[in-house]
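Fair warning: this is a prediction, and the values are worked out from it, not measured in the lab. A note on names: the letters A, B, ... follow the listed sequences, proteins ahead of strands, and every chain is numbered from 1.
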There are 4 protein chains.
Amino acid sequence: MARPRTRTLVYDAVLSLATEERLGSISMEGVAARAGVSKQTLYSTWPSTGAILFDALLDRSSSDDGKIVVPHSGDLAADLESLVAATIEELTDPTLEPLLRAVTADIQIDEVLAAQYRDRLLTPQLKAISDRLQRGAIEDPDAAAELLLGPILHRWLLRTRAFEPGWASAHVQRVLRATANCAVQVPPHTGNQ
Amino acid sequence: MARPRTRTLVYDAVLSLATEERLGSISMEGVAARAGVSKQTLYSTWPSTGAILFDALLDRSSSDDGKIVVPHSGDLAADLESLVAATIEELTDPTLEPLLRAVTADIQIDEVLAAQYRDRLLTPQLKAISDRLQRGAIEDPDAAAELLLGPILHRWLLRTRAFEPGWASAHVQRVLRATANCAVQVPPHTGNQ
Amino acid sequence: MARPRTRTLVYDAVLSLATEERLGSISMEGVAARAGVSKQTLYSTWPSTGAILFDALLDRSSSDDGKIVVPHSGDLAADLESLVAATIEELTDPTLEPLLRAVTADIQIDEVLAAQYRDRLLTPQLKAISDRLQRGAIEDPDAAAELLLGPILHRWLLRTRAFEPGWASAHVQRVLRATANCAVQVPPHTGNQ
Amino acid sequence: MARPRTRTLVYDAVLSLATEERLGSISMEGVAARAGVSKQTLYSTWPSTGAILFDALLDRSSSDDGKIVVPHSGDLAADLESLVAATIEELTDPTLEPLLRAVTADIQIDEVLAAQYRDRLLTPQLKAISDRLQRGAIEDPDAAAELLLGPILHRWLLRTRAFEPGWASAHVQRVLRATANCAVQVPPHTGNQ
DNA sequence: CTATAAGCGAGACGGTACGTCGAGTCTTAAT
DNA sequence: ATTAAGACTCGACGTACCGTCTCGCTTATAG
């Protein structure tokens, strides 16, 4: 509904606020003030701050630079490793982390937002990874994709542990071993190097 | 600080509200009213609704019935399967789910709460699983514990997919294959049935 | 800032409360509730109950009926007597007395309010009396005005004594004798009849 | 009820608070804290801060130094002038003024306190002045006493004007002229010098 | 050109909740 | 037996946002 010019102002406002402010404190009023836009204008397009954050995130990820693409060289393990690294990078990027956390918090509370988030960001992302795995002759690519992302998000969302250097590589090995034909694709497990 | 009698009233209040109300709408004022306790009493013990929820959760999980124990029969795979089943049960229990989601949302925003949650609930839980795995001759039990829980929470937190029947069993197989000595412990993977 | 409609609601509310309630118990919250107006609306226009009371008083006194005018017939003594009577009437009017006392109490505490009260109500009142006295050939009209009002407010504010019938007349005589050219204007004092 | 030791602590506390703090902010809690006494101890002796202030004032004025005595040399005008000067001194004493204002504010609201204040402080004071006047052959000494004090308190309570130097003397002249046998006691008024 | 309408800023408004302060009561423990 | 210490309920404080609303000011298309 809002004009492109207005949308840009709002996205910029909400992104800067998400970075500066304490995390729970993003408010419609604050966004309106920062964007130099009236509250009514906000409400005529978005029902909540969560919705604005989400749209801002979508806008960012549909622009060229904000995209995580699944690499496709010949080497499956190397591709997955670089994907994991890029994901971790994004999750811990000081600009993005607050945004992603805010949206994740909203998802717990707002089912509509959760559905949009799932359909427009998460499912495509899982699909892309799954496709890459299938082309790598992994037999159950969907499960493998979940095995790959699950532990990463477990650490990040529940804040149980930071990502140690070297972990990504070991993690990819484990995932491949879990779902590949054991004897052929990966050498038997000989301990955590 | 608060007297035991007061704590009980508050825990009951917050638990009942978490079940009845819309998720984001738990407020200090509401809890005080429901508990028949003054706001001042609440604030003198807890800084936020998140903290109350967390304590209520702890209180519940330290009572006999609320505990998830890692089973320890001889059969590792069976034990893990029943653990996974119990975890899923808990996460989707209509009484508990709103509570857990509310706390998870707060964790994204409140780092202090996140640290408490990690130290008093999550780390012990991971440790218990890890111990069971170690006794089952798994070589990297910590990583295996994460592989086990990660995908479960990925589905639950990001609401990507419901838990299909049969999934638990297949998931445990994959985790074991990922970290066990492949040839000996588990038969080679033969496809996603 | 507030719209005229809102102001009216607030003035009515505060006036009715001042009459009904115990005197110290007028609160912003109570006024808001009685006026059917939100607290924020009150605070956006008035900083305290004292300020509301004061504005309500001003509003009342600028309307036609609430005005004390200094009479100006030829007879100075008679004019002053009727002025004194009107003043006493006002101070002991069951509707006005609580209001005036509340404002006077606030004046002791709030210097800003005191300045407004002085400039917008008291000084004009003294000036009006002083003007009447000057036209009556009193040589020090300002001092005479103070001599006239001082004892009235001394009795009322410090609650030392009620106003006996007949006192007004004797009081006016004394004031005139104090400041008039003694021999000509007033007969020598011959005791308190 | 309270022990003398406690009373002293409380009086000191309330006097120091009345001087330091903003005027309306004296609270039972604050006094208790400052006096190092529990709230219960306060409540068992005084019903309000006003009552404490009042008792503290009484205590002070019954000690030797805090007393205003009406002087009694042969010269009535001189005696009254020095009395007026002493009164003004007291009312504007930076230590006393806040106390007196606080009590005066309370009097507007609390009738019980008003009665005590009247009977134990104001009436005796008026009586003492009236006595002095009577001995000076003033025919209506009560009225004269009110004429004397009224304008002083009018200025002070309503904050209409500061006390100019020279005013006390002129004021006393006017009061004497108002109530004395004009021809004998005072020269005719010849203008406001 | 104008008028008619839509988008918009500004901000008043009735609300709910915030987090804090103080009142006044009551219970517990120590002196 | 008096006191301190302080937990407790209650009510008000003053603030922040909520979501709705009305008011004018642009601006851009339709008469």
Length of the [atom1]-[atom2] vector between [X] and [N], whole Å:
X	N	atom1	atom2	answer
W46(B)	dA7(F)	CH2	P	13 Å
R34(C)	dG14(E)	CZ	P	16 Å
Y43(A)	dT22(F)	OH	P	17 Å
L9(A)	dC8(E)	CG	C1'	12 Å
L42(B)	dA17(E)	CG	P	14 Å
I52(D)	dG24(E)	CD1	P	11 Å
E21(B)	dT16(E)	CD	C1'	13 Å
R5(B)	dC26(E)	CZ	P	18 Å

Under-3.5 Å donor-acceptor pair between K39(C) side chain and dG15(E) base: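 By the distance-only test, no, there is no pair.
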Distance-only donor-acceptor test, Q40(C) side-chain atoms vs dA16(F) base atoms, 3.5 Å: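 Such a pair exists between side chain and base.
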Steps toward side chain to side chain contact (heavy atoms under 4.5 Å, CB included) verdict (D106(C), Y117(C)): CA-CA 10 Å; D106(C) 280 336; Y117(C) 194 59; over 6 Å; no
Between T41(D) and S38(D), a side-chain donor and acceptor under 3.5 Å: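 The answer is yes; a qualifying pair exists.
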Salt bridge (Lys or Arg N to Asp or Glu O under 4.0 Å) between D55(D) and R7(D), worked out: CA-CA 9 Å; D55(D) 272 14; R7(D) 302 189 88 96; 3.6 Å; yes
Residue met sooner reading DNA chain F from 5', once V37(D) and T41(B) are mapped to nucleotides: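 Per heavy-atom nearest nucleotide, the more 5' residue is V37(D).
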Nearest-nucleotide comparison on DNA chain E, the residue closer to the 5′ end among P47(B) and S38(C):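 Its nucleotide being nearer the 5' end, the pick is S38(C).
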R120(C) atom CZ, neighbour heavy-atom count above 12 within 6.0 Å: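 No, not enclosed.
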Within 6.0 Å of CD in E111(A), more than 12 heavy atoms from elsewhere: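 No - once you tally the heavy atoms of other residues, nucleotides and ligands closer than 6.0 Å, there are 12 at most.
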T6(C) side-chain N/O to dC13(E) phosphate OP1/OP2 under 4.0 Å: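 It does, given that an N or O in the side chain of T6(C) lies less than 4.0 Å from OP1 or OP2 of dC13(E).
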Side-chain N or O of S44(A) closer than 4.0 Å to phosphate OP1/OP2 of dC8(E):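 For dC8(E), neither OP1 nor OP2 has a side-chain N or O of S44(A) closer than 4.0 Å.
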Full working for side chain to side chain contact (heavy atoms under 4.5 Å, CB included) between L96(B) and R60(B): CA-CA 10 Å; L96(B) 274 175; R60(B) 191 186 176 290; 4.1 Å; yes
Residues in contact with DNA chain E, drawn from residues 24-33 of chain D - heavy-atom cutoff 4.0 Å: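 Hits under 4.0 Å, by residue number: S27(D), M28(D), E29(D).
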Step-by-step side chain to side chain contact (heavy atoms under 4.5 Å, CB included) determination, R118(C) to I107(C): CA-CA 10 Å; R118(C) 178 181 63 240; I107(C) 283 174; over 6 Å; no
